[in-house]
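Have a look at the structure below, then the notes.
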Amino acid sequence: MKTRTKKLKPKTKKDIIFFVVMMIVPLTQFAIFYVAVNFNSILLAFEEYNADTAQYFFAGFSNFEKAFAEFFGESTVLRTAFVNSLLLSLVTVVVGITLGLLFSYSIYKKCFGHKFFKVMLFMPSILSSIVVALMFTYFVERAIPDVVFTLFGKKIEGLLSNPDSTIPVLIFYSIWTSFGTSMLLYVGAMNNIDESIIEAGKLDDTNGLTEFIHIVFPSIYPTFIVFLTTTLVGIFTNQMNLYSFYGGSAEYRLYTVGYYLYRNTKLATLAEYPVLSAKGLMLTIIAVPLVLSIKSLLEKIGPSED
């Protein structure tokens, strides 16, 4: 018996060709700049650089021993970086995500001033990070001290110049600049909620708080999990925007783990890359199971849409 083979219609062939052509560029970029780069970083963690031959050679776990010694040694820079990173992540989880949800809900419900908040919260996401950092620096370094002096006749330092307020101001800036993305996704998720569910809640005399807790939040809970897990991953990657404000010359007391790794990698020599790769791999080994465990726990204990 002859087997029949289905022939693709001309339109279907064109669609496939168009899809393949459109996907070539992003897939090539992904293969080169993500897969290849990360694979090379893993290899570097097990190599050392020979200056005489200008080549890398296999060195076993010696880079991990050096990295471990730095992480748990007497280096105050890394201890400070870990403390600042944990503080940033904690404040982002408790304050940033909570405010992000509330602002998004107020925009979703079209509360008073929702258009103003939408513009102000999303503006940092569409402007250059350097431009936003310069505007913010001018505001906290000159505008606020001038306003305080005009109103109260008291001279104060700029909020970034004052050592007591630098980290709180940087944390505030990091949370503020993150609102744009969270607002966009939260409001998008809220707009996908079936309107009949909201109307049924109104028939049961639900107020805004009850509606948010029992209807809206359970419906957008998967989006909430995404933001919470990415915030936890950011413990080891978030720079607190230090490079935008200070370039590579931030004070040690301001360091986060993300800034420490980014700055040192940017300024590293060929001989320093292997230890930095080992540090990154060690942090990844710590972060991945931690984040996956928390994500699994959140999915189990989270509210149900039913």
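Side chains are part of it too, since the values below use all heavy atoms of this structure and drop only hydrogens, waters and symmetry mates. Numbering of residues begins at 1 and proceeds along the displayed sequence.
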* Do M183 and F103 have side-chain heavy atoms sitting under 4.5 Å apart? -> no
* **Ring geometry between Y221 and F217 (parallel below 30°, tilted from 30 to 60°, perpendicular above 60°)** => perpendicular
* N/O donor-acceptor pair under 3.5 Å between S104 side chain and Y186 backbone -> no
* Asked: Does G258 offer a backbone N or O that forms a donor-acceptor pair with the side chain of N238 under 3.5 Å?
  -> no
* To do: List in chain and number order the residues that pass side chain to side chain contact (heavy atoms under 4.5 Å, CB included) with L270, two or more places apart in sequence or in another chain; answer none if no residue qualifies.
  => Y49, Y56, Y273
* Among L160, T166, N162, side chain to side chain contact (heavy atoms under 4.5 Å, CB included) partner for V140 -> L160
* Asked: Less than 4.5 Å apart, any side-chain heavy atom of L101 and any of F227?
  -> no
* Asked: How close do P222 and S219 get, heavy atom to heavy atom, and via which atoms?
  -> CD-O, 4.0 Å
* Hey, is the main chain of C111 close enough, under 3.5 Å, to the side chain of S106 for a donor-acceptor pair? -> no
* Asked: Centroid-to-centroid, Y255 to Y252, below 6.0 Å?
  -> yes
* Hey, does the side chain of E48 reach the backbone of P274 with a donor-acceptor pair shorter than 3.5 angstrom? -> no
* Main-chain N/O of L292 paired with S296 side-chain donor or acceptor, under 3.5 Å -> no
* Checking salt bridge (Lys or Arg N to Asp or Glu O under 4.0 Å) for the pair E299/K295: CA distance, chi angles, key distance, verdict? -> CA-CA 6 Å; E299 290 174 343; K295 180 177 180 294; 2.6 Å; yes
* Can you name the nearest heavy-atom pair linking S129 to Y173, along with the distance? -> O-OH, 3.8 Å
* Where do T231 and S89 come nearest, in terms of heavy atoms and distance? -> O-OG, 3.9 Å
* Does N40 reach the main-chain N or O of A36 with its side chain, forming a donor-acceptor pair under 3.5 Å? -> no
* **Plane angle bin for F139 and F136 - parallel if under 30°, tilted between 30 and 60°, otherwise perpendicular** => tilted
* To do: Might you confirm whether atom CZ of R142 has over 12 heavy atoms from other residues, nucleotides or ligands at distances under 6.0 Å?
  => no
* Asked: Is any side-chain heavy atom of I198 less than 4.5 Å from a side-chain heavy atom of I215?
  -> yes
* **Same apolar cluster (I L V M F W Y, side chains within < 4.5 Å links), Y34/L43** => no
* Asked: Which atoms form the tightest heavy-atom contact between L44 and N63, and what is the distance?
  -> O-ND2, 3.7 Å
* Asked: Short question: side chain of Y105, backbone of V216 - any donor-acceptor pair under 3.5 Å?
  -> no
* Are the side chain of E272 and the backbone N or O of T269 linked by a donor-acceptor pair below 3.5 Å? -> yes
* Asked: What heavy-atom pair brings S85 and T256 nearest, and what distance separates the two atoms?
  -> OG-CB, 3.3 Å
* F46 vs F64 aromatic rings, parallel, tilted or perpendicular, using cut-offs 30° and 60°? -> tilted
* Do other residues, nucleotides or ligands put more than 12 heavy atoms under 6.0 Å from M135 CE? -> no
* With clusters built from Ile, Leu, Val, Met, Phe, Trp and Tyr whose side-chain heavy atoms come within less than 4.5 Å, directly or transitively, what are the remaining members of the cluster of L102, listed by chain and number? -> none
* Structure fact -> For L276 and A268, the nearest pair of non-hydrogen atoms, with its separation, is CD1-CB, 3.6 Å
